[in-house]
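In what follows, every chain begins at residue 1, and chains take the letters A, B, ... in the order their sequences are listed.
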Amino acid sequence: MIYLDNAATSFPKPPEVAAACLDYLENIGASPGRSGHRAAAAAGRILYRTRKGLAELFNFPDPGRIIFSENATGALNLALFGLLKKGDRVLTGPLEHNSVMRPLRRLEGTLGLTIDILPTGTESHYDLETLARWTRERNYRLAVFNHVSNVTGTIAPLDKILPLLREHGILSVVDGAQSAGTLAIDLQRLRPDVFCFTGHKGLFGPPGTGGLCLWEGIEPEPLRLGGTGSRSEAELQPEFLPDRHESGTPNTMGLAGLGAGVNFILKIGQEKITAHERGLAAILHRGLAEISGVKVFGPRPADRGLAVVSFTLNDASPAEIGFRLDREFSILTRVGLHCAPRAHRSLGTFPTGTVRLAPGWFNRKEEIEAVLSAIERIAGRGKRK
Amino acid sequence: MNIYLLFPSIHNVMAAEDLCTGAAIATDMRPVPREISSDCGMCLACREEDREKIQKLLRQAGFSCPVHLYRAEPGRKFTFLTAIP
């Protein structure tokens, strides 16, 4: 089996991830920070070390301002529902996932938000001239952009976008679902107000893990209230972080695995992982460009692209191509709209979508060559252009 | 260990423990004594002679959360010492 669906969930995981999950289940088992016994302390240390590892990986100054959630969707919901207020005007990008668009559309109905979507432009799909004009002329309260597109691998020019937002006092939320663990991230340099991430993709963690990094002074309203193991005498939610947003027994097993995944990246080196994955994507780009009838979407890895490669083949259904790759060649991909209809509208591939190939750290060059051969065979010609 | 350090969040307790371990200062994580608070969380205990060193360490590390220090007296009584920062 060749697994090329790492943009959905990375697989396989480093062996340390399963080992950490199993160690928690077999040897610790308790609720972190509650009860006061040694197992509760050990569970608390798992959460602490995972936060500390993430802070190191993202160069984020305060691990205590990293809030855990169940995935990037949970983190984005907390950021958007927790920060936006009645009548706010919001700016978002042309390649957003439904984890951004659906909360925004809901809040458009309940809070009367005005939502502006930046048109596509030449700078990695971002029209920066329009961005400069709109942020100058319009009164935005918040802007939310994905860091890396889950459809095309396009890296947003955050180094140009975020200073503009800061200059105009606009809150910035970055959807890092695809960038965390796949791209070197320096939050002290980028300075987004909120950076949302998931654990189960580039960070090699188990599903059900993720979170957000809240910059000093950014205080969204909590979405979930309840027990935290702290200030138990009070019926009011604690105001301090991370407890304010982490009510209920956390996913300590998953967070143990996430911590192990983050440590794996720190051990190998983010740059090395990114270079390997981009190298595989470059082979895919080159190979696909030679197959007659194939159209590739998004930038090449050399031009602000990460290891996510979307393509169509003549007028063939992406679902049919994906099915054949699976059944005839044991190659696992993701087809369709990738929960990002907005991005596919921007690319002109709505409503049928694309076939998405997303290699990861554990894929080898020979596997990528085998994938290209399989696509050539499906193209029916057995030969290149 | 008769000095108790109380923090708002278990995260702060872990961070303080980590700092002390790095500085080779012995600490012990314990339940918050009921005589001090009805909180169901945990706190950090240390030796009297390490108290000043720990206070300095926490200040240097930029601990912005309030930390309350107590001394355990005979008969399970606790005397409030100070709050930092």
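Considering every non-hydrogen atom in both A:Leu241 and B:Ser9, the closest pair reads O-CB, 4.3 Å. Summarising the geometry of B:Met42 relative to A:His37, their closest heavy-atom pair is CE-O, 3.7 Å, with the distance given to 0.1 Å. B:Ile10 approaches A:Asp243 most closely through the heavy-atom pair N-OD2, 4.5 Å.
Atom CZ of A:Arg244 has more than 12 neighbouring heavy atoms from other residues, nucleotides or ligands inside a 6.0 Å radius. Atom CD of A:Glu235 has 12 or fewer heavy atoms from other residues, nucleotides or ligands within 6.0 Å. Taking a 6.0 Å sphere around CZ of A:Arg38, one finds it holds 12 or fewer heavy atoms contributed by other residues, nucleotides or ligands.
Interatomic distance, B:Met14 CE to A:Lys52 NZ, rounded to the nearest 0.5 Å: 13.0 Å.
Residues A:Pro63 and B:His11 meet the side-chain proximity criterion, which asks for heavy atoms closer than 4.5 Å.
Only the side chain of A:Arg51 comes within contact range of chain B, with at least one heavy atom under 4.5 Å from a heavy atom of that chain.
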